[in-house]
Each structure stands twice: as C-alpha cells, then as structure tokens.
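Taking it in order: structure first as structure tokens, then the write-up.
Because the structure is a prediction, the values reported are computed rather than measured. To find a chain, count down the sequence lines: A is the first, B the second, and so on, and within it residues start at 1. Because only heavy atoms are used, hydrogens play no part in the values below, and waters and symmetry mates are left out as well, while side chains stay in.
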Amino acid sequence: MHLKSENFTANAEAAVADAGLQRRLRVLDNFTLRRAAAFAQLPDGELLRDRAREIKEHTIANLDHYLVQLEQSVERSGGHVHWARTGDEACAIILDIARHNHVRRVVKSKSMATEEIELNAALAAAGIEAVETDLGEYIVQLAGEPPSHILAPAIHKSKADIAALFDEKLHTANLHEAEEIAMVARRMLREQFRAAEMGVTGANFAVAETGTIVLLENEGNIRLSTSLPRLHVAVVGIEKLIPRFKDIAVFLKILARSATGQTMSSYVSFITGARRAGEVDGADEFHLVLLDNGRTRMLADEAKRESLYCLRCGACLNVCPVYQKIGGHAYGSVYPGPIGSIITPPLMGLEQSKDLPFASTLCGACREVCPVRINIPHVLLSLRSDWSEGEGEQPPHGPWLERLVIKAWAWTMKHPRLYNWSFRLPAVFQGLLLKDGKFERLPLAAGNWTRNRDFPAIAPKPFRALWREMNKQ
Amino acid sequence: MTARDEILSKVKKALGRRDAAPAASLRSDLAPSPQEDHAGLSAQQINLITEQQRPELIKQFEASLLRVGGRFSVAASPRMVCERIADLTAGMKAKKVVGWHSPWLQQLGVTKLFAELGVEFITDAERGDKAAFIDEAAGAAIGITPVDYALADSGTLCLLAGKNQPRTASLLPPVHIAVLQPRQIIRGLDDLFSLLPADNRELSSAVTLITGPSRTADIELTLVVGVHGPQQLHVILVE
C-alpha cells in the first residue's frame, strides 16, 4: 500500500469512513495532554521556545557558514562527510559505502530522512537487506506500509492487527499483549543488530562546533545501531544544524516534552565520530550524509523558510483537527499532518501535493504547540496563493470564477458602504434558500463547501450594527 | 561542480549572500539557557553549588528516577553495595555479568564479590576485542557501570564512552546497575553542558544520557518497558 498525495480527497474520505481508524486516532489526545503537563513543569518553557526559535533562525540565516564548519568538525573527529543534492544521490552514496565494505545487512533506526529518500527500496534493489528496528517502524515494514505518524509510525494499527501480522510474517501464534509482541521484536531484532555490518540513523541535531550528531529515542535501537555494526551512516537534512554544543541543552529541554510529554526521552546519544583507540565498542567508521533534496528551495522562499526550523516532534499532528480525523496515510507523504502539508510541496512539487495546503481549517492549533513557533497557517496560505495565483513558471490554477469572486470580494471589503449592503440584501432574501436556519447547499462553486456540512445563515443584524447599539447603551 | 559546491552555492544564493562565509563568532551573545545564571559556570562553581545543595539534589534525583521507572537504593558502605549487587544477581540467577573496567568498582569489592559468588564478571580489560566483548555483553544477565554525571531534575544518568567505559555494558544486558557517587549529582542540563568540553578532541566519542529503562508506546500507546535496551535500571548511591 502506498497512498499518493494526488489522491488526497479519496484517501481522506476512506479514512473518515474507517471506524477502526477513527477509534485508534482518539488516543492522540493523550499526547496532547501529556505535552501540556510536561511544559507546565518548566518554569521558563515559553522563553525556551523563543530561544530555540532564535537559534534556528540564526542557524538557517547563516547556513552556508555552519555547513562548512560542520564538515570541518566531522572530519577533525575522523568522520567522513558526503553531500547529496537529491534523494537518489544520497542512496547512491550509501550504496557505495555499503559495496565498498561488503555490507549485506543494514539495521535502520527510525529516520524520517531515510524514509524521504526511500533508502530501503534502493538497498533492496542492490540485494542488501535493511531492517527497521524501531518497534513501530518494524511493524509497518512487516506490513509493507509507510509510517502514519512521525513519532508513532504504527498508530493506525490495533494490537490485534499487529498480533495477526506477526503471526503471518513471523509465525508467532498466540500473541495477545503489547508486551508479548514487543518481546518477540526484541528477540528477532537482537539477531539483526549483531549480524548487521552497517547501522543507518538520522539525527535530531548536528552540531557545527563539534561535529556531534544528537539522537533521541526511547527504545535503545539507536544506541544498538550506532554501537554494534562496523559502519555508522547518519543521513541528515541540511536544516538540522545547530551552532554550538551547548545549544543542545535548549532543544533537549523542549523536544521530548513536545513530542511525547516526557521530561527526557529514555536515551539521548551524542555521537562524535567513530570509536577511538582503546574503545571496545562503537562503529569503526562514521559517515555523515548531508541531504538537500529540495531544502535549498525552501530556503530561497522567505515566506516558507521557517518550515526548515521544524524539529519533527509531531506535536502539530496530534492537535490538528484534520489529522485527528484522517490519520497520516491519507496525506500520501512521508511527512503527514500540518508540518507535512508545508514541507511536502517544496520537496515533492506542488503539482503532486496541491491538496495538502488546503487540508487545513487554519485554526492555528499547530502554531500554538510548535516548540519553535513555526507559523504553519501562514505558510499554508502562501502555498495556497502559489497554487491559485501561479508561481514562477506555473500558471494560476484557481478556477476563473473563484478568482473573480475573490477579487470582487477584496474590492468590496475596501469599500465600507458597499460591504455593508453586500450583506444586507442577502440577509433579506436568504430565507428562500434556508432550511432549519442553515444553508444546506450553496450555489455554484461555493457548493463544494456545503458538500459535507451546513453553512450558517447570515445574521439579520450585522455585527457592526450590534456594536454601535452596544456602545450607545 | 561537485554536489558540495552546488549545495553551498544554492544556500548562498537563497540567502542572497555574495561574499564568503561570515565570521565564526556569530551571535556569541545568544545564551543557551534563559536561566542565565545557570549557564556557563565553571566546574568549581558547580561543585560549590551542588555541594551546598547535596541533600536536596539527592532527594530530587531519587524522585525523578522513580518517576521514570528506575529503582533507587542508598548504600552507606562498600559492604552494603556488595550486598545489594548480590541480591540483584541472585534475583536474576545471573551466571555472567559484564561491566566497566573500573578501579572504583574493584575498591568497592565488586570484582571479589563475583568471584565469591561464582559469577563470571567480564570487563573490557578481559575482552579487548569488539566482537568478543559484545558476545559477552549479549549473553550477560546484568551490566554494571559507574556513571560520569547524574541530573537531579530529570533522573538522568550521563555515561561517557571511552577506554574502559564500553557503551554496550549498559545496553545489551536486560538489567543495568549503575553505581553513583553523591558528588556526581548535578542540577540538570545547564550544569552538564558547562562541564562537558565543547571541543571534539576532548569530548567523548559517545555521550549517552539514560533516563529510566528502555521503553516503547508504539502499540496503541501502551507503555512497554524493555524493548531493545535494559528492562530494569537500578541505581545504587554510595555514600
């Protein structure tokens, strides 16, 4: 199964009709409650969010400088740095390292960047077995599905679904409890960790000053992937940089809190190069693959640049009324939810993902919870405008009638008297179209709006009139 | 043009930059913590502060550790440390234990204890080869390590990988016993980042922060403890 963003409307309708999925998505509220509780215990939580944003703003605004510094730092610690313009180029680099070292088995730790570049398919095509080791990722890999949530990749599956899947693929009859399932995965994956010659991870942060990559996790699979295999390859988007080693502290205080409501994730690893003389474990070689794949496009567009500040915490997914109803798969992108809707178009192209910027109520809940205060609604509007009005060589895509109506509306709003009357008249005549005090169907293109919901009736007295009366009293 | 040069030139173009990279000392004014008085302290200053606050820090560490599912005990003497370790070893019916090659553990009598118990105790001094040590660690019932720092406000242990401080001793066995000294307990992340060197020739190749046992919530958000790493984390504070 691989849903596409092009079919968003159909995907979303199917998801809404799936009663099981609707039940499972309800647990998202737990994330949101825990996040709020975790931030409440931080006396300076809001200041920390400001500080984190400042650091990201500063880093992205000086990215050329910090990229070169990171490269030098990694090389000074004995690591190797590779640069990849595209996903294909990143895959080719990793395949090259694998071939050169006769790698047959790869263990992977949950990494959005390697999902984005479809590394597993590239490795499989070269006859290299790649196993996902995060429990949720392992489950969706067994099922042949993409992850449906940045943090909880298998959230769309019930315990019974997973038990049946394990029975089918691993012949483990009679699994009932989550604990039993997890223990089977522990046993199966232990073998993989010990056999693999290469561990592939992403990174939450890459520190320019020291060449350190920072990895947060709860399970221990990242520690295993970076400690056991001979090679460690980290695939890192160029936006993941932070300037100084001590800047990590700011992000550690807010990231786990935003993501799962934990004070700290169970494990945080700061990896600086390969193992050194006298060390008995750790990778023998460290490779950093710096990935562009559309990120410089985001950087070039000032209205969308802040999308690059994202920490991939998933908080915006959990609070989004659209994600809560349709889950992750309907978006048809590696990055679902509000953040996915702003980073998928620059990565995949707006033509292929045109529905995503519209899959939002613009309620602003995502902006409220974002640890680095990305103004997601603002970027969504900018993308909508690119689509409707045309951008670069792209022609405008909005229907001519819609564009005409919007232009007329904008003109009307600039003329108060006209604006006033534009409501008065319909308020008088709307009675003919109303049913139980609501519009069940609006005419023409506006009919799309009322396909699944009612439109409220225009109030007989406009707000401005009420305001005047109130002030008189 | 190489991929590197092309990406860098695209970045420069996107940022509207014409000249070479800006100065290295960019925004040194940007403090890493809003609690300015916590950041950038010297090791001596931190020692002084944590010494004064020690009883509270120990209490806070214990409460934080218990909250994340770790277990805590205090040992008033080396003999009590050994008793506690002996109890845990018996509880696990352990035949093999791995650990760090540490003079301090030897002083506490840990090496002798395992010899008396007839339990094989293996450190990286006995198995200096990677594959051999990992084999032992994967077959051990318990991993036992000292720690480098402990953070009171989150119940976190900080372990620095290096010679005689293997990463997998605290990772592969199902039980991790961490032995801690009171002076290693600091307030939190701000203290830790004041103490760790920001120079990659001095910095450990792998700094690991451990906050409770391994856990997952990937199945219906049900908490399961011990998916890939240790299922139990025992911290023994040696007073």
Residue part contacting chain B, namely of A:Thr226, when any heavy atom lies under 4.5 Å: backbone
Can you check whether A:Ser269 reaches B:Val207 side chain to side chain, under 4.5 Å on heavy atoms? no
Okay, B:Arg127 and chain A: the region with an atom under 4.5 Å from a heavy atom over there is backbone
Of all heavy-atom pairs between B:Leu203 and A:Arg276, which one has the smallest distance, and what is that distance? O-NH1, 2.7 Å
Contacting moiety of B:Thr2, where chain A heavy atoms sit under 4.5 Å: backbone
Heavy-atom side-chain proximity of B:Leu172 to A:Leu224 below 4.5 angstrom: yes
Measure the shortest side-chain to side-chain distance between B:Pro174 and A:Arg186 over non-hydrogen atoms and say whether it is less than 4.5 angstrom. yes
Any non-hydrogen side-chain atom of A:Leu299 less than 4.5 Å from a side-chain atom of B:Val11? yes
Note: B:Leu171 and A:Ser227 closest approach over all heavy atoms is CD2-OG, 4.3 Å
Is the closest side-chain heavy-atom distance between B:Arg4 and A:Val81 below 4.5 Å? no
Do the non-hydrogen side-chain atoms of A:Tyr267 and B:Ile210 ever get within less than 4.5 Å of each other? yes
Would you say that B:Val227 contacts A:Leu189 through its side chain, given a criterion of any heavy-atom pair below 4.5 Å between the two side chains? no
Contact winner vs chain A - B:Ala132, B:Ala206, B:Pro166, B:Ala161, heavy-atom pairs under 4.5 Å: B:Pro166
Ranking B:Ile134, B:Thr222, B:Asp199 by heavy-atom pairs under 4.5 Å to chain A gives rank one to B:Ile134
Give the minimum heavy-atom separation between B:Lys130 and A:Gly282, together with the two atoms involved. NZ-O, 2.7 Å
Using a 4.5 Å cut-off on heavy atoms from C-beta on, say whether the side chain of B:Leu151 contacts that of A:Met264. yes
Consider side chain to side chain donor-acceptor pair (under 3.5 Å). Of B:Lys163, B:Arg167, B:Gln165, which one does A:Glu279 pass it with? B:Arg167
Any luck finding a side-chain donor-acceptor pair between B:Asn200 and A:Ser73 under 3.5 Å? no
Structural part of B:Ser204 lying under 4.5 Å from a heavy atom of chain A: backbone
Approximate separation, where rounding is to 0.5 Å, of B:Asp218 CG and A:Lys110 NZ: 8.0 Å
Which heavy atom in A:Leu63 sits nearest to a heavy atom in B:Leu15, and how many Å separate them? N-CD1, 3.9 Å
Give, as side chain, backbone, both or neither, the part of A:Ala283 having an atom under 4.5 angstrom from any heavy atom of chain B. backbone
Smallest separation among heavy atoms of A:Arg194 and B:Ala138, with atom names: NH1-CB, 3.6 Å
Comparing B:Ser170, B:Ala137, B:Gly128, B:Gly188 against chain A, the one with the most heavy-atom pairs below 4.5 Å turns out to be B:Ser170
May I ask you to decide if the ring planes of A:Phe193 and B:His228 are parallel, tilted or perpendicular, using 30° and 60° as cut-offs? perpendicular
Distance-only polar pair, side chains of A:Glu219 and B:Ser214, donor-acceptor under 3.5 Å: no
Closest non-hydrogen atom pair between A:Thr263 and B:Ser154, with its separation: CG2-CB, 4.0 Å
